[in-house]
Every structure is written in C-alpha cells, then in structure tokens.
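Data first, discussion second: the structure below is written as structure tokens.
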Protein chains: 2
Amino acid sequence: MATRARRTERRRQVLSREQIIDAAIELLDAGGEGGLTVRALTDRLATGSGAIYYHVGTRDELLDTVTETVVATALDTKPAGAPATPEDEIRVVALGLFDAVAVHPWVATRLAVQLTRNPWGPVTVGIFEKIGRQMRALGVPQAIWFVAASTLVHYVLGAVSQTQIGGDTPGVESVADRKKFLEAASMAWRELDPADYPFMHAISGQMREHDDREQFLAGIALILDGIANLR
Amino acid sequence: MATRARRTERRRQVLSREQIIDAAIELLDAGGEGGLTVRALTDRLATGSGAIYYHVGTRDELLDTVTETVVATALDTKPAGAPATPEDEIRVVALGLFDAVAVHPWVATRLAVQLTRNPWGPVTVGIFEKIGRQMRALGVPQAIWFVAASTLVHYVLGAVSQTQIGGDTPGVESVADRKKFLEAASMAWRELDPADYPFMHAISGQMREHDDREQFLAGIALILDGIANLR
DNA sequence: ACCTGAACACCGTTCAAGT
DNA sequence: ACCTGAACACCGTTCAAGT
C-alpha cells in the first residue's frame, strides 16, 4: 500500500459544495445540531474555514441548504408502484417526511425553524405544493384549498416532530431509551392530578402500546375524512 | 436629585427568579433569540453571570422557563364572558396562543423546538390538555381523542408559527415589511413554473388580501367540522 | 444562601495572503 | 477561482472567593 502521507499541499478544486453538504449531514446525524461546527467540518474535510464559506456560506445557510437537500430527496422518492389515488399520494409524501426525520432527527427541529423563520421558503413551498396539488383531484372546492392543505401540512410537520423523539432529546439515544421515555411520560401523566389534567390522564393508556406510524396515518385519515366531508 | 452613584456593593437577595425571567423576556422581545445572552442579562440586571446560573440555570433552561411562563399566561387568560361552548373554548386557547406569539414572536421558534426536543414537557402538555379536554364535551369517541386533539394542536402550533412572520425573519420588522414580505412571496409563487407548482400558483391570489386571524379561525373551523363528522 | 467576576474553552466569521 | 489559517469578537459556563 503506497504511503498516503502527503504534505499539506494546496488542493485545487477538489472541494465541492456537494462534499461539504454530505459531510455536514454526517456530522448532524452523528451529533445533532451541536455536532455541526465549522471546525468539525474543516477537520473532516481537511480544509480551512474559508473554503467552507466560499462554497456554502454561513453555518446557518449551510443548515438551510442541508435541510432543503434532505427534504427534496424525501419528496422526490417515489415508490415504484401503480398510479395511486390522491389520498395515497398524500400518504406517500407524509411517510416520506416521517422516514426522513427518522434517519435524520435534526431535520425535525430545522423544519420547525424554517417554518417560523422563512415560512414560504423552498422547503415549505415544496411540501405545500406536493400535498396541495392533490386538492383538485380530491374534489375540494378551490376556496378552501389553502386551509385544507395547511391543515394537512401542519399536522404532518407537527406529528413528525413530536413523534421522532431521540433526535435532539438529551438522554434518549436508543430505541430502548425511547420506549422508556414514552413509558415515563405515560406514567407522569397518570400521576398528574386528574382534576387538573383529566384529558392527559384519560389518554395516558393509549401512549404505551400505540404504534407511531399507525397513529400518524390515523391522523391523516381523520383529516382526509374531514376534508372529504366538506367537498 | 440625589446621587445614584453607589459603589459596586454586594446586594443581598434583591435578585429574584422572576426578575431574571422578566428581563429575559424583554431582551427576547427586543432582539429575538439572539438578543438573549448571559452578558446582556447581567448588564441589564447589574449582576454577575454566576447569579443567573444560581437562580435559573443554563441559558437553555432559562429559555424553556421563559417559554413556559408566556404559554402558561396565554392559556390562563380567560375572556370575561359567559360560559362558552367547547368549540369556543378551543378557539379561545388557539387565539390566546396566536396573540401571545404576536407579541413575543420568538415564542414560535421555541414552541417548535420544545415540540421536538421535549415533546411531552409542560408546555406541550398544557396545550394538549386545554384542547383535548373539550373532546368529551364535543362528543368525540374516546378512541380518537388523541388523534383529534393532535390534529388541532399541531394545526394551531404550525399555523401560529407560519403566520407570525416578522419575529425572527431577518429584514422583516414592521407591519409594512410584513405586507411587503407576503406580497413578494405571492409574486414569487406566481412566477414559479405553473407546470412544476400548479398549486402554489393557484393559491397565490388568496395570499394577498387574506386576513391572518380569519384564515386561522377558518382552519380551526374546518378541523372541528371534520371531528364533528366522526363522532 | 447568595453573589462576584476573572478565567476557560469553544464558538462563527473575516481577510490578507498565497497559488 | 479557489483555498489557507491566524486573528478577532463574542459566546456559555465554571468556580474560587467573598459576604
């Protein structure tokens, strides 16, 4: 095996935007949002900080770019199947996001940040478009397209964020931790004063055995039902 | 006017947890999440950094505490009126959050962060409880309480975040800026390729003249309709 | 118990300089 | 055009020391 020991020579355009994005995603997957530092990036890519700024701008811009990349990939992934119903199309988009957040938990937080900081940026628009497009096929009157699509999008984003514990939740790293976490939450609700928290008390049982994915789909079904009823 | 020039003498328990929280809220209102630094806090309160940590812990913990405070206040504010229908109660909660975020825009981001980082913490539970409690009165079958309440909560949180532009959006500070921002977004959608973005293109018109609060309430009405239909 | 503030480790970002 | 890396300003947090 030839020696790999090169002196720190100048590299000429071996660093690309895509390389930086890939490295950033790896760092985020490994260490959450705190895991992405300019220094960690330059170490991993064996380059200087200036090179990062030259290619992808600010750390914050990189974070946006990287979120866009993950979301766009999730939205573009089509299941190789027969032409689906509009309901199915919506489910595909929703589950695509669900799965993307499952492998890249930091996306949940960033999605939320984007929603508030850049409410009509590419990420939000991409999701809105994919889901909203089905309104016509569903026979929803155009006057309520916006509201119907908003409901779906917000539910999906919210549910995806809340479901994917473990990404940024400190102390929750494994699936076992996750289960423990949910059981602890369920227990905590049961111990709440039923006079003050009748609802949380009542649903504490459902939390223990429920399947996330199933629950998620049930929520979508409920909204689709509601929309169907208004058309 | 007597001289205020005291030497930097020790103060004895003049600093309280509440004072720090109040000061933090002021800093956040003035400068967004970036405006809250430990140093800015110690300057404003004329104290040392250790005192902050002694009373409220970490900056991140303070951020959580402060969000809890604002949300709890919003949830506790009752309109002095007659006993309301369950639908009205839900609207009161939703609008309470809407208004709280309007005056404290940074709450939108923090609400989202809490949803992903501490999905069943006091803030989320508080909101869930207030809204979920109405499910029984609405006659919703208990089997779908969780899903029905989730839909409402996620819609409210998402809509509130996306509606309140100006809080953390750089370059958007005044109401006029906000209007310009929305018009620019609307224009941008119109310029999108209708082949790629038929939906955004179709609803771009609705964005210009719509009233946020009205739209927000329309969304809630839609979900309540959907829920009513399932009971 | 409550507070001080210097010290520490670690950030993101810039920019003159190199090729 | 692309990259380097020292330098800068500014963070959050700790902790020995004071009262």
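Residue numbers start from 1 in every chain, and the chains themselves are labelled A, B, ... in the order their sequence lines are given, proteins ahead of strands.
Per the geometry, CG belonging to B:L27 stands 11 Å off P belonging to D:dG12, to the nearest Å. Computed from coordinates, the A:L62 CG to C:dT13 C1' distance equals 14 Å when rounded to whole Å. Atom P of nucleotide D:dT14 and atom CG of B:D60 are separated by 13 Å, given to the nearest angstrom. Distance A:L41 CG to C:dT13 C1': 14 Å, rounded to the nearest Å. Atom-to-atom, CD of A:Q19 to P of D:dC2 comes out at 14 Å; the value is rounded to the nearest Å. Atom CD1 in B:I52 sits about 20 Å away from atom P in C:dA1, given to the nearest Å. Between the CZ atom of A:R59 and the C1' atom of D:dC10 there is a distance of 15 Å, given to the nearest Å. What separates CG of B:L63 from P of D:dT13 is a distance of 11 Å, to the nearest Å.
Proximity of A:K130 to B:F199: side-chain heavy atoms (C-beta onward) are nowhere separated by under 4.5 Å.
Where B:Y54 and A:Y53 each meet DNA chain C at their nearest nucleotide, the meeting point lying more 5' is that of B:Y54.
Here A:H55 does not reach the OP1 or OP2 of D:dA1: none of its side-chain N or O atoms lies under 4.0 Å away.
Look at C:dA1: its Watson-Crick or wobble partner, with both distances under 3.5 angstrom, is D:dT19. Across the strands present, D:dC8 finds its partner in C:dG12; the criterion is a Watson-Crick or G-U wobble pair with both atom distances under 3.5 angstrom.
Across all strands, A:L36 comes closer than 4.0 Å only to sugar-phosphate atoms, never to a base (heavy-atom distances). Note on A:T58: only backbone sugar-phosphate atoms sit closer than 4.0 angstrom, heavy atoms only; bases stay farther off.
The side chain of B:T37 lies closest to D:dC11 when the candidates are D:dC11, C:dC11, D:dC3. With distances taken from any side-chain atom of A:R39 to the nucleotides C:dG12, D:dT14, C:dC8, the minimum falls on C:dG12. Closest to the B:V38 side chain, of the nucleotides D:dA6, D:dT13, D:dC3, is D:dT13.
Heavy atoms only, all atoms of each residue included: B:L45 and B:I52 are closest at CD1-CD1, 4.1 Å.
One N or O on the side chain of A:Q162 and one on the backbone of B:P119 form a donor-acceptor pair closer than 3.5 Å.
Applying the side-chain hydrogen bond (donor to acceptor under 3.5 Å, both in side chains) test between A:D64 and each of A:R117, A:R59, A:R110 identifies A:R110 as the sole match.
B:Y155 and A:Y155 have their aromatic ring centers separated by at least 6.0 angstrom.
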